[in-house]
Amino acid sequence: MPQHSDVDLEAFFEHVPIPLHIVAADGTILRANRAECELLGYGPEELIGQPISKFHVDQPVIAGIIASLNAGETLKEFPARLRAKDGSIKHVLISSSGHFVAGEFVHTRCYTRDVTATRQAEERLQQVLDALPAAVYTTDACGRITYYNRAAVDLAGRRPAIGIDQWCVTWRLYRDDGTPLPHDQCPMAVTLKENRPVRNVSAWAERPDGTRIPFVPYPTPLHDENGNLIGAVNMLVDVSVHKRSERTQQLLIDELNHRVKNTLAVVQSVAQQTLRTTTSPSDFVQNFSGRIGALSRAHSLLADSKWKSGELGELLNREILLGNDGEPRVSLSGPTVRLAPRQVWNLALVIHELAVNARKYGALAAVDGKLTVSWVLREAEVRKLTLRWIEQNCPSPVHSSASGFGTKLVQQIAAQEDGHAEMTFNPAGVTWDLEINLVESDDGELEPALLPRQDNRTASPEGAGIRGKRIIILEDELLIAWELRRIIEESGGEVVGTAASVAGALELVNSTPADAALLDANLKGGKSDEIALALSKRNVPFAFVTGYGREALPQRFSNSKLVPKPFTSAEVISALSEIASESRVVVLRGR
């Protein structure tokens, strides 16, 4: 075996491209090769004789290294940070062993591996991961957390314990159905146990403060160069916005479905009421088309504001002038008044009826006629709108038609809005004084009886089951309530009261004996849960009449009889006959 001289060994130590150095037992640098000097940017004379601690950024580290070596331990790639001459920080891994003579620690023999580039790449990667809006974390093969980014802390609402927390960074987990999901059964645990990515699942993370966040995980296994499982990386995508969008979309679909069905029911009632008050097909077509046109214009006005409100002056302009601003016989004056959607619909019908009469028989039927509409708004505990409609220079003497459909419609709508409407006549014209309460929301009070009972009604065979039965109508659309009353009374039943709001319905239910009730699922924006409960407590069977689906019914009454809007007479009578024959109310189910 060839022998190597000390010169050869010295040359090897000095010129090998690996940083090497020797440190005395007291921490003084004894030797440093060329690669070590180049690593730190010092000459040999600047390193030799200096304490090694001078070049270590973390002082406790070097003290720990010396103590470990002095105890006879061997270090393998111990992480440390060294400060170079130019002030830069070098990330290194130190491998070292002690040299002992007669049991005494003499010096160390150290190999330094520069991992600065790798560490900087890791730091840049960590910066990238920390900047990601999605939670990212890694684990070892046993599922213990080894890294997490800032978004993971934000999503979990806590800082996981590195090396202790297992499988997931979250506090608690739940499945989509609300049942607890143990951490050792979570998607990350499945990935590590089965060594495969997990996709197309979702869960809910509960924070320590009790709030819950829906998320979609993307756990993926990590392998070494030999294909062995060494851990996994997971990304948790917060889908709260998506979930809210889904809920909002479903609510919008449900609300659209309700409004369409409710509108169709109103159209159905307009058709029935128009048919009952006209004597010829041509009159029916004209009157019905006019009323539908009024509702259409109100719909367009509301659509312009995304169904938030409608402005009274614009409503008057559209219904009276029909878009023709050049009508000198019409004068409109008053402040800007925003109307709730329901009141836009109601006042559209009122203004339409008054405008049609004015065009047929009143001021707008005469060349020198004049229509003046003025309104004022009074702010008090309740905002009140007072509107005066004055027709002058009518072509012929005006006579009262207090029993006509239009007159009843105006008066009943005003009453429904907690107001009144009064018509007065003089030889040259007519005046309407209308006052209603304006609403910011859909709360209201008890609505009076809508139409006088028909004395000449006859019960149909289909309505035999409700003949003589006392029925309550709880519906906030006036024309729909009218149609329900017509159906009931023509079938031999008796309408003992109607209400258009939650408060009014509760007052009516608690004060009026009844055999059955028809209940809208939504009264002026208020849910009907409390009303349904009050009816049940008084043993009054009821059916829901609504444009919503069964899913919108109060949960404990979700199996109640339901009549969908728009409805037929047969559907209403069939439902009433069924519930009115019940001997008891269905026992309430808990939520």
Side-chain angles (χ1 to χ4, degrees), residues 76-79 91 93 115 117-247 249-250:
K76 292 183 178 180
E77 297 197 329
F78 189 90
H91 293 271
L93 296 176
V115 293
T118 301
R119 180 59 180 167
Q120 288 174 342
E122 290 175 348
E123 289 178 347
R124 285 194 293 271
L125 176 60
Q126 183 166 336
Q127 290 175 353
V128 170
L129 293 176
D130 280 341
L132 288 176
V136 176
Y137 69 96
T138 59
T139 71
D140 61 18
C142 296
R144 290 183 292 265
I145 306 298
T146 56
Y147 164 80
Y148 56 85
N149 68 354
R150 295 173 186 172
V153 176
D154 294 337
L155 184 142
R158 62 188 290 268
R159 286 191 173 278
I162 296 292
I164 298 176
D165 280 4
Q166 196 173 20
W167 311 121
C168 196
V169 295
T170 57
W171 177 253
R172 290 190 180 94
L173 288 173
Y174 293 87
R175 298 181 178 89
D176 282 336
D177 62 5
T179 58
L181 175 61
H183 278 89
D184 61 359
Q185 298 176 24
C186 74
M188 184 61 138
V190 173
T191 285
L192 288 167
K193 291 175 181 179
E194 300 182 8
N195 194 12
R196 66 176 179 86
V198 173
R199 299 291 186 268
N200 302 317
V201 297
S202 59
W204 290 74
E206 182 176 278
R207 294 165 169 163
D209 63 5
T211 59
R212 294 186 183 182
I213 304 297
F215 69 91
V216 174
Y218 294 88
T220 304
L222 299 175
H223 303 93
D224 62 15
E225 62 274 12
N226 297 318
N228 300 314
L229 180 70
I230 59 173
V233 60
N234 199 0
M235 179 172 67
L236 309 179
V237 179
D238 182 351
V239 293
S240 299
V241 174
H242 178 67
K243 290 286 187 182
R244 285 195 296 269
S245 297
E246 284 184 342
R247 289 195 296 270
Q249 184 180 38
Q250 188 58 52

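Bear in mind that the values here come from a model prediction, so they are computed numbers and not experimental data. Every heavy atom of this structure was used, including side-chain atoms; hydrogens, water molecules and symmetry mates were not.
In this structure, Ala135 and Ala152 approach most closely via the heavy-atom pair CB-CA, 3.4 Å. Shown here for Pro217 and Pro187, the closest heavy-atom pair between the two residues is CG-CG, 3.7 Å. Of all heavy-atom pairs between Leu93 and Pro79, the closest is CD2-CA, 3.8 Å. A pairwise comparison of heavy atoms in Gly157 and Pro208 identifies O-CD, 3.7 Å as the closest pair. Shown here for Ile213 and Ser240, the closest heavy-atom pair between the two residues is CG2-OG, 3.7 Å.
In this view, Asn200 satisfies the side chain to side chain contact (heavy atoms under 4.5 Å, CB included) rule with no residue, not counting sequence neighbours. Arg196 is linked by a salt bridge (Lys or Arg N to Asp or Glu O under 4.0 Å) to Glu194, counting only residues two or more places apart in sequence or in another chain. Legend: residues meeting side chain to side chain contact (heavy atoms under 4.5 Å, CB included) with Asp165, ordered by chain and number and at least two apart, are Ile145, Arg158, Pro160, Ala161. Evaluation of the salt bridge (Lys or Arg N to Asp or Glu O under 4.0 Å) rule for Arg172 yields Glu206 as partners, not counting sequence neighbours. For Lys193, the side chain to side chain contact (heavy atoms under 4.5 Å, CB included) test picks out Trp167, Asp184, Ala189, with sequence neighbours left out. Considering only residues two or more places apart in sequence or on other chains, Tyr147 meets the side chain to side chain contact (heavy atoms under 4.5 Å, CB included) condition with Gln126, Leu129, Asp130, Thr138, Asn149. Contacts of Arg199 classified as salt bridge (Lys or Arg N to Asp or Glu O under 4.0 Å), with partners at least two apart in sequence or in another chain: none. For Glu77, the side chain to side chain donor-acceptor pair (under 3.5 Å) partners two or more places apart in sequence, or in a different chain, are Arg113.
Atoms CG and OG1, from Leu222 and Thr191 in turn, are 10.0 Å apart once rounded to the nearest 0.5 Å. Here the CZ atom belonging to Arg124 is positioned 12.0 Å from the CZ atom belonging to Arg119, to the nearest 0.5 angstrom. Atom OG1 of residue Thr211 and atom CH2 of residue Trp171 lie 12.5 Å apart, to the nearest 0.5 angstrom.
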Distance-only criterion, 3.5 Å: show the donor-acceptor pairs between side-chain atoms of residues 225-235 and protein atoms not counting sequence neighbours.
unit_1	atom_1	unit_2	atom_2	d
Asn228	ND2	Asp224	OD2	3.3
Asn234	OD1	Tyr218	N	3.1
Asn234	ND2	Tyr137	OH	3.0

Please tabulate, for side-chain N and O atoms in residues 175-183, each donor-acceptor pair with protein atoms closer than 3.5 Å (sequence neighbours left out).
unit_1	atom_1	unit_2	atom_2	d
Arg175	NH1	Thr179	OG1	3.4
Arg175	NH1	Pro180	O	2.6
Arg175	NH2	Gln185	OE1	3.4
Asp176	OD1	Ser202	OG	3.4
Asp176	OD1	Trp204	NE1	3.2
Asp176	OD2	Ser202	OG	2.5
Asp177	OD1	Thr179	N	3.0
Asp177	OD1	Thr179	OG1	2.7
His183	NE2	Thr170	O	3.1
His183	NE2	Thr170	OG1	3.4

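Counting heavy atoms from C-beta on, the side chains of Pro197 and Pro221 come closer than 4.5 Å.
In this structure, His223 places its NE2 atom where more than 12 heavy-atom neighbours from other residues, nucleotides or ligands lie under 6.0 Å away.
Distance alone, capped at 3.5 Å, is enough to place a donor-acceptor pair between the Arg207 side chain and the Leu155 backbone.
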